[in-house]
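Worksheet for the structure shown next.
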Amino acid sequence: MKGHEPKVPRMEDILSLPVQDPPCAEFSAAKIKWVKVEGGRQGGDDIALIPFPRVDDFVKGESSNAECPASFRIESRRKRSEGSISKPRVDCYLEYTLYWCSYGPEDYRDSESTMGDGSHTKPATGKGSRPGRRHMMRGCLCHFTVKRLYTRPFLALIIYNQRKHVDKTGAPCHGILDVDAVGTRAMYAPRISEELRQKVMSLLYIGISLDNIIQHHAEVVQGRGGPLNRDDFLTRNDVRNMERIVRNSSYKLHANDEFSVRMWVQRHQKHVFFFQDMSSTEPFILGIQTDWQLQQMIRYGHSGSVASHSTFGLKKLKYPLCTLLISTNGLVLWLKESEARTRVGGQSAFLVDDPSFDISFIRVAFQCRSLLCTWHIRHAWMRSLLKKCCNIDVQREMFKHLGWILYSTRSGSNADDAVEEFMQVYVDQCIFMDYFKRRWLPYIELWINSIRSLPVASMEPQAAIEFYHLRLKSKLFDQQHANSYTRIDWLIHTLTTGFHSLYWLDQYSAETGYFTNARDKSFLTNAWYQALQIPDVDVILDEQNLQLAKVISQTDRSLAYTLWNPGSEFSLCDCPWSRQGNLCKHVIKVAILCKNRQVARPLLASQVYRQALLTLLQNPPDDPLVLEHAILRVSRLQQDIKGLEDLSNNGSLQPSMPEMNSQLEGFSIWPRDFACEGNVLCGVHGCLVLVLGIYLCIGRRWPVLTPCFMV
């Protein structure tokens, strides 16, 4: 009976509809439950609510329709500012975007045959002939509207006006259901995919010629047995158009740097996941992530770890280049946007390299444990010692003493005594002491307290971060760009073009074997992987006297490098790479060997972490909820270790290369690679400091370090 029919909602009821968020990277209309609305201007249309950050995922999903591959373009767009309407309707919008299938709405199928006789047909929409797209127009009426709701800015109302890819007669007008389209390009999407565009643009930025790109593409298509989609019809003209874009691209969109950055943001909205312009009360923040970088985050971020790399370019760049974590106020804002955009979840850990960060913000955004990375402070101390102190014997003793200070392994809880002792013993090293007092003394207690309260990341992730740091440095600090260091637009342009393409090529080459000769041979592996290639027999270690060790060179067998304080994070090697202030493969190899043979004390980080665990066991927390959670975590850890032991005893666990010294046996088994995954530009109001952030996702089982750079 009519009285039992379900009530059709009116537009006034939209806020009572469920917010749908399909658990997949991209989703189409088929993944959503649609509601047909009654009355109003949208009467009879299908509507649904989704989170606003997922609009792009929906558009991509709709473009991947198997029966009617399409490309939805923005036909029109309008925006309002918040507070501009005093009494907004329930469907009032902050942003209004109309998406239309690129095969419509005009229809030139009949007019193409009459173009030669001087006949001209004006499009029904009255918008002109749309130059360059006449061959694509087949009268498709499929379109939908997206409204970012005024009263709920985090929600998007999708209004599907016509879901079928049909013309005005109701017949299919492209795709495999259109009989006239069979055997033509109208069977496929009207344009090449973003993945292919990214591939071609990256190859062009790297310097691969047009002819080589076309030849490579033909080989790939032929290897698959012939064309299967629009991408397989890539032409020389397609590549030539992209080559022209690369050749004519310029970082300077405006003479004024601030205006230039704003113009870039407007032109690259799909890559900007957070933007906050500088004002009298707010700092400047810009978060950037390309589609390819987003894919890498989703691919490698789950069950991996996220790291931060901070304070890059303090001396050469006008604005320091930092990673991920910038300022306390802006941190939560863009971290939440980033987490919502990637929707990865399940990270095992987040590595921070600044003890001043409020760890609670990390836990809110990523819901995972936090580790402290000491690479930055170790790198800075080592470089300064090598530069400001000329005596190598004094260098190694001072470096070892700095390790004792940082980890408080000699002075117990009194860090001031350790610092005072250090400054008295080496009082004659005036240049370094002045640097230490000015740069580090105000923060040394903060570092020590953080090391006592947080587990410290070990050498493998530190080697990966250093690898990324050095590659970034080699790309940005090219002398031919020295005059551009003071411009932010140059920094953005460099990171999103050439530097981004380097990491794209690394992954593509590793997966396919193509263009291996185009890769930078100096950045193929990091120190951790190089250490794993050194045989144990090439390490000369006197277990009775662990003051020093020797490692035979892998390139010159007549040469052996000497390491002082072996097995420690603050070991010093006399190889050329270490003498530049870097973490060398010899230090890592000896640390691994000392740990496996148990011939040296645990790493300083392990000593501190174990002491923290013992303190916790001796003084359990009063809060029963915290205690229960801690017991649960320990129980799970014991079960994981027991499972690995059972696999090993049964012979099911394949032997692997020795892992690094973790904070606790079985506590942290680190993956083998980093994938760089996004950028944030941040300006601290008042001191005009701008920082750029890139967060690094540790990937799993990659043969080489391949940060997926996202800007």
Side-chain angles (χ1 to χ4, degrees), residues 308-317 320-323 325 352-357 372-454 456-457 459 462 465-466 469-470 473 563-565 568-574 577-584 587 603-605 607-608 687 689 691:
S308 64
H309 171 269
S310 305
T311 321
F312 179 89
L314 280 170
K315 296 181 179 179
K316 293 189 177 182
L317 295 177
L321 184 64
C322 299
T323 63
L325 308 175
V352 297
D353 60 353
D354 187 338
S356 65
F357 294 150
L372 184 66
C373 180
T374 58
W375 173 83
H376 172 66
I377 189 171
R378 179 193 183 277
H379 181 75
W381 284 353
M382 187 173 180
R383 284 178 60 87
S384 295
L385 272 176
L386 296 174
K387 181 180 179 180
K388 305 178 189 304
C389 177
C390 300
N391 188 310
I392 190 171
D393 294 327
V394 177
Q395 288 173 359
R396 63 174 180 255
E397 291 301 320
M398 290 180 70
F399 197 51
K400 180 167 63 174
H401 208 136
L402 286 169
W404 292 340
I405 293 175
L406 189 62
Y407 290 95
S408 300
T409 54
R410 294 191 68 185
S411 58
S413 59
N414 194 343
D416 293 338
D417 290 347
V419 174
E420 184 65 28
E421 178 188 357
F422 173 73
M423 298 177 68
Q424 289 180 1
V425 171
Y426 303 106
V427 65
D428 57 330
Q429 301 298 320
C430 302
I431 300 178
F432 180 83
M433 285 303 170
D434 290 342
Y435 159 80
F436 181 78
K437 293 176 183 177
R438 181 184 70 258
R439 176 65 181 86
W440 296 104
L441 192 56
Y443 309 102
I444 195 67
E445 186 174 357
L446 185 62
W447 274 99
I448 293 173
N449 291 336
S450 296
I451 288 177
R452 288 173 178 169
S453 60
L454 290 174
V456 179
M459 288 186 178
Q462 292 194 36
I465 291 174
E466 180 176 85
H469 171 90
L470 295 175
K473 184 177 179 180
L563 283 81
W564 292 270
N565 196 23
S568 168
E569 298 95 327
F570 282 76
S571 294
L572 199 62
C573 179
D574 64 356
W577 188 247
S578 181
R579 300 300 295 174
Q580 296 178 33
N582 301 313
L583 181 62
C584 73
V587 168
L603 292 175
L604 298 176
Q607 297 178 39
V608 175
C687 55
V689 176
V691 286

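Under the rule for a ring-ring contact (aromatic ring centres under 6.0 Å, His included), the partners of F399 that lie at least two apart in sequence or sit in another chain are F570.
Surrounding CG of L446 are more than 12 heavy atoms belonging to other residues, nucleotides or ligands, all under 6.0 Å away. Sparse packing is recorded around CD of E445, with 12 or fewer heavy atoms of other residues, nucleotides or ligands lying under 6.0 Å away.
Note that CG of L572 and CG of N565 are 9.0 Å apart. Values are rounded to the nearest 0.5 Å. Distance check: I448 CD1 to D416 CG gives 8.0 Å after rounding to the nearest 0.5 Å. Rounded to the nearest 0.5 Å, atoms CH2 (W375) and CG (D353) are 8.5 Å apart. Summarising the geometry, atom CG belonging to L402 is positioned 10.5 Å from atom CH2 belonging to W440; distances are rounded to the nearest 0.5 Å. Note that the NZ atom of K388 and the OH atom of Y435 stand 7.0 Å from one another [nearest 0.5 Å]. For the atom pair R439 CZ and I377 CD1, the distance stands at 8.0 Å (nearest 0.5 Å).
For the pair S578 and C573, the tightest heavy-atom approach, listed with the atom from each and the gap, is OG-O, 3.2 Å. Taking every heavy atom of both residues into account, M459 and V587 meet most closely at CE-CG1, 4.2 Å. T374 and Y407 make their closest contact through OG1-OH, 3.5 Å (heavy atoms, listed as atom of the first residue, atom of the second, distance). Among all heavy-atom pairs drawn from M423 and M433, the shortest one is CA-CE, 3.9 Å.
Using a distance-only test at 3.5 Å, with no hydrogens or angles considered, no donor-acceptor pair links the side chain of E569 to the main chain of G403. Looking at S571, its side chain does come within 3.5 Å of a backbone N or O of S568 through a donor-acceptor pair.
With ring centers used as reference points, F436 lies under 6.0 Å from F422.
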Check step by step if side-chain contact (heavy atoms from CB on, under 4.5 Å) holds for Y426 and E397.
-> CA-CA 10 Å; Y426 303 106; E397 291 301 320; 3.4 Å; yes

Test side chain to side chain donor-acceptor pair (under 3.5 Å) applied to E466 and Q462, step by step | CA-CA 6 Å; E466 180 176 85; Q462 292 194 36; over 6 Å; no

Step-by-step side-chain contact (heavy atoms from CB on, under 4.5 Å) determination, Q580 to W577 = CA-CA 5 Å; Q580 296 178 33; W577 188 247; 4.3 Å; yes

Begin from the C-alpha positions of Q395 and I392 and carry the test side-chain contact (heavy atoms from CB on, under 4.5 Å) through to its verdict.
-> CA-CA 5 Å; Q395 288 173 359; I392 190 171; 3.9 Å; yes

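Among D354, I465, V352, the single residue meeting the side chain to side chain contact (heavy atoms under 4.5 Å, CB included) criterion with C373 is I465.
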